K.L.:
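Below is one structure. I have some questions about it.
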Amino acid sequence: MNAVINEWILLLVLGSSLLPGLIIFGLAEERRGLRTTLNLFGALFKLFLVIWILWGVFNQQHYETRLELLPGLEFVLRAGPLALLFVSLSTILWLVTTIYAIGYLEGSPHRSRFFGFFSLCVTATVGVALSGNLITFLIFYELLTLSTYPLIVHRGTEVARKAGHIYLLYTIIGGAVLLLGTVWLYTITGTLEFTPRGFLADLDKTYHPALVIIFFLMIAGLGVKAALVPLHGWLPNAMVAPAPVSALLHAVAVVKAGAFGIVRIVYEVFGVDFAASLGVTRPLAWLAAFTIIYGSIRALYQDDLKRRLAFSTVSQVSYIALGVAIAGPIATIGGVVHLVHQGLMKITLFFCAGNLAETLGIHKISEMNGVGRRMPWTMTAFTIGAFGMIGAPPIAGFISKWYLGWGALETGQTWVLLVLLGSSLLNAAYFLPILHAAWFRQPPDKWPHEHDFGRKETAWALLLPPLITAVSALFVGLFAALPFSPLEWAELIAEREFYQP
Amino acid sequence: MTGDTVSLLMILSLGLPLLLVLLMGFRFSRSLAVIFAPWAAFPALLLAVLVVIQGDGSQTIVTLNIMLGSSLSLDATSKIFFLLSAVVWALAGIYSRYYFDDKNSSQYFYLFYLLCMTGNLGLNLAQDVLVFLTGFSLMGFSAYGLIAGQGNKNILRAGRTYIVLLVFGELLLFEAILMAAQIANSTSIIDIRHALIASDSHNTIMLLLLLGLGIKVAVIGLHVWLPVSMSVVSPPVAAVISAIIMQAGLFGIIQLIPLGEITLPVTGQALIAIGLITGVYAVISGLFQQRTRTLLGYTAMIHMGLIFCVLGLGFIVPDVWPVLLPAIGGYVLSYGLGIAALLFGLGIIEKGNHRWIWLGMLLPALAMTNAPVSGGFLSIALIQQQIVMAPAPWNSYMPVAVMTVNLASAFLMARLLYLIRPMSYEKTITIRPGLLWTWLVNLVGMVVLSWWVMFTEQPFSLQLAGESLLPAVLSLIAALLVITMHKAIKLPDIPQGDFLLWLECNSAKYLIQGLNKFSGIIARWQQKVKYQGIQLYLSIAAKLR
Amino acid sequence: MPVFILNIPWAALLIIVPLIGMLLAFLFSSAARWMGFITVFLNLIAVLGLAQELSSNGVFQHTVGGWSAPLGIELYADGLSLLLLFTTALVSLGVAVYAAGYFSHSKASSFWPIWLMLLTALNALFLSSDIFNLYVTLELLGLSAVALTALAGGRAALLGAMRYLLTTLGGSLLYLLGVALLYHAYDTVDIQLLSQRVEISPVTWTALGLMFLGLSLKTALFPFHFWLPPAHSSAASPVSALLSALVIKASFYMMLRLWLELFSDFGVIDQVLGLLGALAVLWGSWQALRQTRLKLLVAYSTVAQVGYLFLAFPLAGGNQVFAWYAAGYLLISHALAKSAMFMATGNLLQYGNHDRIADLDRVVQRLPITAGAFAVAGVSIMGLPPSGGFIGKWWLLESALVSGRWDLVTVLILGGLLAAAYIFRVLGYTFTEAPVPHEAKRVPPAMQWIALILASASILLGFLAPQILPWLNIGDALIVVEAGS
């Protein structure tokens, strides 16, 4: 019985968002109650399953599903610690974002379509997380591209269509490059199974040049989604999407799938030691560092709030790649845990941006004067998120930065400290003026486009999600040492998967 | 009185302000929170008094499972700083309650007041660098709220200067602490101190620490935020800045750098030089100030300069550090309460001057010149005693230098007293008794606490007192000189802040211009390369059609 | 398994059932639709029966009327035939459902008989075991296809049909010449006998050249694709679906069959086919991208997709059976996806009375199922996972990399990207509002759903490779018989 559950529960995890998604497609627009119920039921059920699995993995249970896909190639889902970290993040944030989206899209058209693709998008993300080999990863990675496209063009405007095209231009090419790398690797090794510490180290030396090319093909393919410069161009354009989509795109789904893929490739395909001996981690680290600084500098010059946040994402997500590329155990912890930390902080910021747009019609930073007095809770959440991005203790971002810096020192790559310094400085330079304007400037006589929510500053469904995520961002930093915190989990990953003999 | 009480008070002194912050968020509890906010420092005050009576609180350690595992405690050094903080926070809280008329602005004030206090008390209690950093950041950033929340037109400039230096300071401190912690492989402050002694890279780390923390202490070059901030904020905030926040930087230096265990003659001499230059610079800038609070900012700089000299001495002759450390503690307490009293008094005078208030101001003014009205008198005597231990050139320069700084402080005090002379203000409104009482408590506290602490730390000797009288007398003469001089010559008014501020503003302007250009280049490049590519793709069909 | 199932002559039924259906539909034109339904349904059952038979008995060979080779008519079925028959049966079912809603009564009475005739020809072609029978069925197929094309009426359709007719006749003629040469040289038209006798000689080369030229013409391999876009785009939508999904596959099947059985050691030709295939992929995709009319876009997409099939020829040279698997898999998934795509296009055409891509006007909201069908079919056409197209492309890519054919790797990647570009160009416009809103007509749900179901089937194929491959391997259909063995 248990064995059967262990084999099928992972498919159930996928199904818990896929099925509601498919049903929602068929629902009429006005079936609001049923749609909401389905959404929330799916999200809660997934959460339940994930907790179940977490508990199981904690008790040494093994969860794996294998289906034959091609002769010699299987469709594999496996719940390892790394997978679970990402799955938990997606599941929790999906729940929160669903609540937010319900509030945000209240009264707007085409909600069935929206929530349908939304669920598909989460299914793909969870699939990316649970993939046990590269081809499964690839399948979900492309599925993610496909399911996010309708969300980006959701508004149906000409701008949205163009943004969608730019998004596809990048991601489809990225996907093709990744596919090429994957097939090439398969022809060399005959296996694509993710293995702790990689499966390439024993290959003959003659393959090494090919492996270097494959590494960069894969990184280029994943770098598109992870928004590594110069592959980041789609991200700021994708801002035309509704706020919940941006939130999900930036915090969990697309960008993270790319970063997560880089983690997988470096650790479980190449093996970090082998990658370092090939000499490929160093260029990756440089690229990540450049992206971190470049993204921040570009962010400085955006007046559109969401665009600024988008460039901030470009910068922040590369922390993960940087942590991976430093190739040390402590930096690994920093990089992996940033996967969660950045997610919590960035989703908070996007929720808040959405709240401002939805409640007061504010889209630009120059319109944000005094908004802290009008919407104190929203701006409190925003403030926590922003300080987390800067890396102020005790918010989550600080912990990531601490481990990244520590890891860099440990491996003697002191230049990383300068990158962290520069990044924090720039982060401060583009977040603090926002906070100043919001809290200390005088509010205007009239907001651009104000909705009336009575005595509340905005609707509950809009207010609670950012507060929840902000408090989470604060708490995962403040209580980083507690068991089951993301940090502890990241340490477990570093131990179990990467550096155990 | 048990360890449990102390633990409870430690938790309470951090927890109560945070709870009140939370309560401020809700409409129904907001007014309640504002009512309780002025009293939020009292658990800390009680704790400080208990620990000082008890002699040493270091046996009580509260372990908290936050961050990467932390603990709180009060050792011999931190208890003095904690006492100073607790007293000034309590006074500032109550004083503000009577000072602000506008309900809305007092809400804002108390929000940042509570946050800033939590940060400050937290960093005093911290036994590990993460809590220290957290406290430091919380204090620093919420102090921006205190400065910028005052609604003055000069705020923007003051706030910008402050925040730029604040961010730089935070980041340098982060890097320094990270490097130190990595070397120590621990986050405990004690471990880090030990690790720094042996480490190869302690020079880099200490330089970063001194820079990061020196911004708070406002040593020359890093001081530009202080005069501008002091001039625009209200008296309670100014008191918090000059009596608490500056001290926090000093506290960090003393805690993190293994003073007394490491001999670094060059660093020591550099610190002494910096301290002296700070003092001289501050007195020159201060003397020309018309604004009383800016003048007090420079006074604060003078005292910090003096303490920097003492720190330098600690680097050169580590053996005397055990004597210097309590002297610094006593000095800081005396100075902090003194400057707070001056600022609170100033706040009253601005609302309505009375001759007897002016007379009351004489007391803290004298304390600032280390006259025998407060424990600072004894501290300076102790320091003077140890200064002769310095190596060759310094053993003869230092006493003179310290004397000079002392005199300089006297000049400024004289100038201050001249500026606030009763006829220069019009009597306007009646003063709220609350303000007056707070001020009086402050005066009494300054005298009692500083003497008491000095006596518990150091046996009183008449000879020591006698030796210290000379500087005090000299100071008095100097002060009289200044006051008479004022009647004869009218001093020019130099702009608020000083040339370094001008330099900083302009360099920031150039930096921003440079960045603008850089981004312009990038944007153009992007336009050319990337968007054309995309446009090409998008318009393929259209073009070929 | 009950024995009686194996005793039914399924292969014969596959020809007889549609034939009878055709006759009945012709006679009772008022009930033609029902005749058609029953026929395609029975056809599917017959294919499944044949599959059962093949799986238990292996390769099927049956001599009609007791005349054995080389003289008689012989039915032959192995894994490859089965694949084509099965594809045909599936698409036929879909087209039947679609056509039922599409045609007005007057058109329907001529559509159904011709279409069942076409089905008969297809089935017979896939079951033929000699090159002359192949010719006959091919001719029959071509003529019925031309008739169907002309059915749409109107100037464009007639012009297209005319061009198609000339091409198909020319192609058949060339093929027939080849057959004649081979018969003359080796004295047989039976493929198996030929495979034992055939040897490398100028005559065989000429025959090979003629036959492949003729068949390339009919398969619309670049540069012989000129007739396809006008014909496919001007035909009625169900007809377009049939033409793209099945008819061109028949001649491809013949090339594949002939190559595997007779000409595999002739060399050069496979490289030429590969080159043309690569050019077809690039040119077809590029042209598709340029189109402003949806139906033409889909038609050019067929040109490109056919190119992929030919890429298998050079790649399979190094005994890479995966390349043939890829061709087989791409064939079936393209058939499903492309028929779905033409149906979706037909729906859009009927809905807005135009097929200008830029004026699709929010069909994603107004015809969600059709838009969904187009998108889902597009996934398979682009070769994105998970879909049958992806599996096919994976194998092609794998064998290209193993044999170091970087040129083909580039073509494969570029082709996928171009496909994505033209598919998403359409999808992008389905979200936006057209400047001039048009009057919308109703599209029956059945016509929408059947497109979606076919498209979904092409996706489902992506998960069924391990189940389908054993069927394909019956009789080692794709293993090249080494010369002389």
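Just so you know, these numbers come straight off a predicted model, no measurement behind them. Note on naming: letters A, B, ... go to the chains in the order of the sequence lines (proteins, then strands), and numbering restarts at 1 for each one.
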K.L.:
Is it the case that more than 12 heavy atoms not belonging to F168(B) sit under 6.0 Å from its CZ atom?
P.N.:
no
K.L.:
L138(B), N185(B), L172(B): which one forms the most heavy-atom pairs within less than 4.5 Å of chain A?
P.N.:
N185(B)
K.L.:
Is the backbone of H436(A) close enough, under 3.5 Å, to the side chain of Y144(B) for a donor and an acceptor to pair up by distance?
P.N.:
no
K.L.:
Applying a criterion of heavy atom separation less than 4.5 Å, what residues of residues 19-34 of chain B form contacts with chain A?
P.N.:
G25(B), F26(B), R27(B)
K.L.:
Atom CZ in F387(A), atom OG in S137(B): separation rounded to 0.5 Å?
P.N.:
8.5 Å
K.L.:
Against chain B, label L425(A) side chain, backbone, both or neither, depending on which of its atoms sit under 4.5 Å from a heavy atom there.
P.N.:
both
K.L.:
Under a 4.5 Å heavy-atom cut-off, does chain A meet the side chain of F136(B), its backbone, both or neither?
P.N.:
neither
K.L.:
So which heavy atom on W402(A) is nearest to which on L178(B), and how close?
P.N.:
O-CD1, 3.4 Å
K.L.:
For the CD1 atom of I390(A) and the CD atom of E170(B), what is their distance to the nearest 0.5 Å?
P.N.:
10.0 Å
K.L.:
Should the pair F440(A) and Y108(B) be assigned to parallel (<30°), tilted (30 to 60°) or perpendicular (>60°) ring geometry?
P.N.:
perpendicular
K.L.:
Can you tell which part of L133(B) gets under 4.5 Å to a heavy atom of chain A, answering side chain, backbone, both or neither?
P.N.:
both
K.L.:
Sort F475(A) into side chain, backbone, both or neither according to what part of it lies under 4.5 angstrom from a heavy atom of chain B.
P.N.:
neither
K.L.:
Measure I177(B) against the heavy atoms of chain A and call it side chain, backbone, both or neither at under 4.5 Å.
P.N.:
both
K.L.:
Taking atom CG of L432(A) and atom CZ of F141(B), what is their separation to the nearest 0.5 Å?
P.N.:
5.5 Å
K.L.:
Give a yes or no on this: more than 12 heavy atoms of other residues, nucleotides or ligands lie within 6.0 Å of atom CH2 of W415(A).
P.N.:
yes
K.L.:
Is L418(A) close to chain B through its backbone or its side chain, or both, or neither, when contacts mean heavy atoms under 4.5 Å?
P.N.:
backbone
K.L.:
In terms of heavy-atom proximity below 4.5 Å to chain A, should T187(B) be classed as side chain, backbone, both, or neither?
P.N.:
side chain
K.L.:
Do you know which two heavy atoms are closest between E410(A) and Q182(B), and how far apart they sit?
P.N.:
CA-NE2, 3.5 Å
K.L.:
Is it the backbone or the side chain of W439(A) that comes under 4.5 Å from a heavy atom of chain B, or both, or neither?
P.N.:
both
K.L.:
Quick one: does L421(A)'s side chain get under 4.5 Å of F174(B)'s, heavy atoms only?
P.N.:
no
